[in-house]
Every structure is written in C-alpha cells, then in structure tokens.
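All values below come from the heavy atoms of this structure, side chains included, with hydrogens, waters and symmetry mates left out. When a ligand or atom number is given, it counts from 1 through the structure's own listing order.
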Amino acid sequence: MINKNLIDLEALSVDQINKLIRKAKRIMKSPSDYRHACDGKILATLFYEPSTRTQMSFQTAMLKLGGRTIGFDNPMNSSVAKGESLKDTISIVSGYADIIAMRHPVEGTAMAASLYSEVPLINCGDGGHLHPTQTLTDIITLSCEKGRLDHLKIGVCGDLLNGRTVHSLIKTLAKYEGNSFVLISTKELSIPLYIIDILEKNGCPYEISHSLSDAIVDLDMLYMTRIQRERFKSEEDYEAQKYVFVLDREKLDKAREDMIILHPLPRVNEITVDIDDDPRALYFKQAQYGMFGRMALILLLLQDEDFVIESRDFEISPHRCSNPKCVTQSEAYLPNLSYRKLGMQMCDFCDKRID
Ligand code: CP
C-alpha cells in the first residue's frame with residue numbers, strides 16, 4: 001500500500017532520503033526560487049505537546065514557500081478540551097488544510113491520526129517513540145558538515161530509552177553502509193531492544209558504554225540528548241539520572257578535532273554553555289538546517305507524484321496492544337492493527353510486541 005504520510009523515516013528508501021537531502025540543499029542554495037512554490041496551500045500544525053523548533057520551523061517553512069498556516073499549540077484551546085477524539089479532530093482539520101504536522105505525547109498517535117486524514121500527515125514526535133523530521137534535520141546536518149552519511153562512528157548519549165530522536169536517527173543511519181554506534185547511557189536509560197534488533201539485522205557494529213569520557217575519543221559524531229523528565233514515573237527517578245552525562249570542556253578535549261556535536265535541543269544541562277563557541281558544536285546550526293529539510297519535505301509530499309511512501313503490510317490482531325503508553329489504550333475505536341517481525345506480532349502504532 002502507498003501513502004503520503006511521514007510517520008517513520010524507516011518507511012523511506014535510501015534513494016528517497018537522499019532525494020529529500022538534495023532538495024533541501026537546492027532550497028538552501030537558492031531560497032527565492034521557492035518563494036511561491038506553495039501559494040494557496042495551508043499547513044495545519046497540531047501540537048498536543050510543547051515545541052519551539054519543530055512547530056516554528058514547520059510554520060516558517062510553509063511561510064517561506066508562500067503558503068499559510070493554521071493550528072494550535074495547546075490542545076486545551078481547541079475542542080480537545082471538550083473531549084473530542086483524535087479521529088474527529090483529524091477528520092475535521094484534514095478538510096481545512098492541505099497538509100498536517102502533528103506532535104502528541106502518546107506513542108503511535110501519528111500513525112493513528114493518519115488513518116483518518118485525507119491529506120498528508122507528518123509525525124512531529126509521538127511520545128517517546130519516533131521523531132522523523134528531527135532525523136531529517138540531523139542527517140542534512142551530517143551530509144552538509146561531514147560530507148557523507150556512511151562509514152561514520154556515531155556516539156549517542158543520554159536518555160536512550162525515552163529519546164525518540166535517537167530511535168529515529170539510529171534506524172535511519174543503520175540503512176547506510178559502514179556505520180557503527182556507541183550507545184552511551186545508564187543501565188536504566190538504555191536503548192530499547194527493538195533498536196538493538198534493527199542494528200543486528202542491518203549488521204551494524206555497536207558498543208554499549210557507561211562512560212562519555214572513554215567513548216568520546218574516536219567518534220565522528222557525538223549526539224547528545226536531554227534526559228526526558230516528562231517521561232519519568234517520579235521526580236526522584238529523574239533526579240537520579242539528570243547529571244550523569246554532561247559534556248564539558250574537559251571531556252571535549254579528549255575528542256578528535258573533526259568530531260561534530262549535535263543535539264536535537266532543547267538543552268537542559270547536558271552540554272555546558274562554554275562549549276557553544278567550539279567549532280565542533282553545531283547544534284544551533286543544526287536547527288537551521290531543519291527548516292530547509294521541512295521545506296523540502298512539504299514540497300515532495302505535496303507536489304512530487306513519484307514521492308510515495310510504502311506502508312508495511314498489516315493485519316488485525318485478536319489482541320489489543322498492552323503497552324500502557326500506546327494510543328490504542330486511549331482511543332478505544334482504533335482497530336488492533338499489527339504486523340509480523342521475526343515471527344513476532346508487533347503493534348502497528350507503537351512498534352511494541354503484542355503478546
Ligand atoms: N528538537 C525538537 O523537537 O525541539 P522542539 O521540542 O523544540 O520542537
């Protein structure tokens with residue numbers, strides 16, 4: 001089955017990802033050529049969870065393409081506050097807008113919303129699950145700053161359990177030849193097993209590390225992440241994790257001169273501010289690249305008939321997904337969609353195993 005929804009960057013082929021990067025670079029080179037590319041088009045940004053970069057860069061992207069924007073950044077100012085379901089909100093908004101960019105705190109919500117949207121829908125983050133347009137931002141930065149997406153040694157550090165940006169990034173870079181990964185976290189915040197399965201399936205070497213000082217010495221890229229306070233069960237659990245990995249001058253002095261530092265942002269305390277002026281610190285520039293990536297994505301989804309995204313084959317499971325963070329727990333009308341992987345039945349919304 002084909003569609004025009006971007007829920008998971010994994011659904012794109014390497015050719016399609018490279019096409020997006022080429023388009024973003026063309027826009028960067030000559031933005032005025034695209035000033036009227038989306039004249040008359042409307043983007044709806046539905047943000048059920050806070051955002052600075054993703055929401056504003058999508059809005060800016062559409063404005064720079066000549067289009068306009070509608071939406072909300074606080075669902076309590078919409079009829080969601082009166083109990084409107086996701087299905088009804090999306091059915092209505094997709095009658096107003098030409099394309100929807102959506103963020104939600106619950107895993108699998110973008111996939112669920114796409115079932116009821118008449119227009120392309122873009123996942124801007126669904127709980128701790130995925131954040132594909134952040135990955136688009138990250139790989140455009142890598143392509144522009146390192147000149148390649150392959151044969152890289154990539155360190156990812158911080159909240160690897162809840163950090164949706166890391167999950168999307170590893171899944172995407174695992175598609176490219178010769179990449180290896182160092183997964184730097186505490187035991188409590190280690191990467192989900194399904195991501196390890198993907199690394200193994202793709203034959204990507206990986207190491208697990210509990211020391212940023214040791215891991216940093218031979219990386220091409222260090223991807224720092226925030227400890228996701230909002231995903232913890234208690235403040236006490238968060239307090240135990242929040243200062244474990246901090247990139248400071250002393251640690252950075254051990255890194256190679258050509259290593260680059262990326263961070264999806266927002267930063268809390270995991271990179272000290274004295275690092276910001278180091279030429280290797282690219283996280284603010286990275287956010288700029290993201291806007292061009294989002295312009296490219298809007299254009300390809302709205303205007304390129306050849307840019308279609310394959311859906312995986314699904315079936316109806318007799319069992320409901322039991323992941324308490326999955327959208328199927330809160331939106332009762334959703335069907336029990338599932339797919340098969342390595343002989344297991346997986347939830348089509350949150351990618352967790354259905355037992
Ligand atoms: N990187 C990112 O998603 O930032 P925002 O939460 O500000 O959108």
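Here Glu49 pairs with Arg164 in a salt bridge; the nearest charged N to carboxylate O distance falls below 4.0 Å.
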Trace of the side chain to side chain donor-acceptor pair (under 3.5 Å) decision for Thr133 with Arg294: CA-CA 7 Å; Thr133 66; Arg294 290 171 175 122; 3.1 Å; yes
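One N or O on the side chain of Glu331 and one on the backbone of Leu86 form a donor-acceptor pair closer than 3.5 Å. Judged by distance alone, the side chain of Thr225 and the main-chain N or O of Cys157 form a donor-acceptor pair under 3.5 Å.
Using a 4.0 Å cut-off to heavy atoms of Leu265, the atoms of ligand 1 that qualify are 1 (N), 2 (C), 4 (O). For ligand 1, the atoms closer than 4.0 angstrom to any heavy atom of Pro264 are 1 (N), 2 (C).
Remark: Glu177 CD is loosely packed, at most 12 non-hydrogen atoms of other residues, nucleotides or ligands lying under 6.0 Å away.
For atom 4 (O) of ligand 1, the nearest protein heavy atom (residue, atom name, distance) is Arg53 NE, 3.0 Å. With respect to atom 7 (O) of ligand 1, the closest heavy atom belonging to the protein is Thr52 N, 2.7 Å.
Among Gln134, Glu49, Arg103, Arg226, the residue whose heavy atom sits closest to atom 6 (O) of ligand 1 is Arg103.
Between Gln55 and ligand 1, a contact under 3.5 Å exists for no N or O pair. For the pair Pro266 and ligand 1, the shortest N or O to N or O distance does not fall below 3.5 Å.
Residues Ile100 and Ser117 form a side-chain contact, since some pair of their non-hydrogen atoms from C-beta on lies under 4.5 Å apart.
The closest approach between a heavy atom of His131 and any atom of ligand 1 is below 4.0 Å.
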